[in-house]
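The model shown is predicted, which means the values in this text are computed figures rather than measured ones.
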Amino acid sequence: MARALIMMAVMLSVASCGLFGGQRNAANRAESENELPFKAKLSKGEGRAYSVAVVHKGSSVADLRESVRFEATKYCLLTFGGSDAEWQMDPASQDWAFTQDGDRLIFRGECTAV
């Protein structure tokens, strides 16, 4: 009888490990509540820097911005504990600076959360 109780306790404790690990991993797969208009991909830089590439398909920068912003916010929040980010700015337009690589626009920024 004691042996059966010990086996049951071991099985329940091992089974519950998956519950807690699953919740932690789910946070790393954060998704927007609304479907984002464009697929953006973030690349980590040095320190708190990052870049986000998005295929523009003839769209305006304003149309792309939410997809780019979401990836940066998610990265800063999950990596540094806050969603604050500072984007590289174009001095002429006073808007987010970007470079173009084929059909991709690449935006750069840095997480500023402390």
Which heavy atom of Ala85 sits nearest a heavy atom of Cys76, and at what distance?
CB-SG, 4.1 Å
With side-chain contact (heavy atoms from CB on, under 4.5 Å) as the test, would you mind laying out the steps for Trp96 and Val68 before giving the verdict?
CA-CA 11 Å; Trp96 293 0; Val68 172; 4.1 Å; yes
Which heavy atom of Lys39 sits nearest to which heavy atom of Val54, and what is that distance?
O-CG2, 3.5 Å
With salt bridge (Lys or Arg N to Asp or Glu O under 4.0 Å) as the rule and sequence neighbours excluded, what pairs involving residues 42-54 come up?
none
Show me the side-chain donor-acceptor pairs of residues 106-114 shorter than 3.5 Å, one per line, residues at least two apart or across chains.
residue: Thr112; atom: OG1; partner: Asp84; partner atom: O; Å: 3.4

Answer with yes or no after comparing the ring centroid distance for Tyr50 and Trp87 against a 6.0 Å cut-off, counting only values under it.
yes
For residues Leu42 and Val55: do they belong to one hydrophobic cluster (side chain heavy atoms under 4.5 Å, members Ile, Leu, Val, Met, Phe, Trp, Tyr)?
no
NE2 (His56) and CG (Leu64) are apart, to the nearest 0.5 Å, by 8.0 Å
How many angstroms lie between OG in Ser51 and NZ in Lys41, if you round to the nearest 0.5 Å?
9.5 Å
Report the C-alpha distance between Arg65 and Asp95 in whole Å, list the side-chain angles of each, state the deciding distance to 0.1 Å, and finish with yes or no for side-chain contact (heavy atoms from CB on, under 4.5 Å).
CA-CA 11 Å; Arg65 195 167 291 172; Asp95 201 356; 2.9 Å; yes
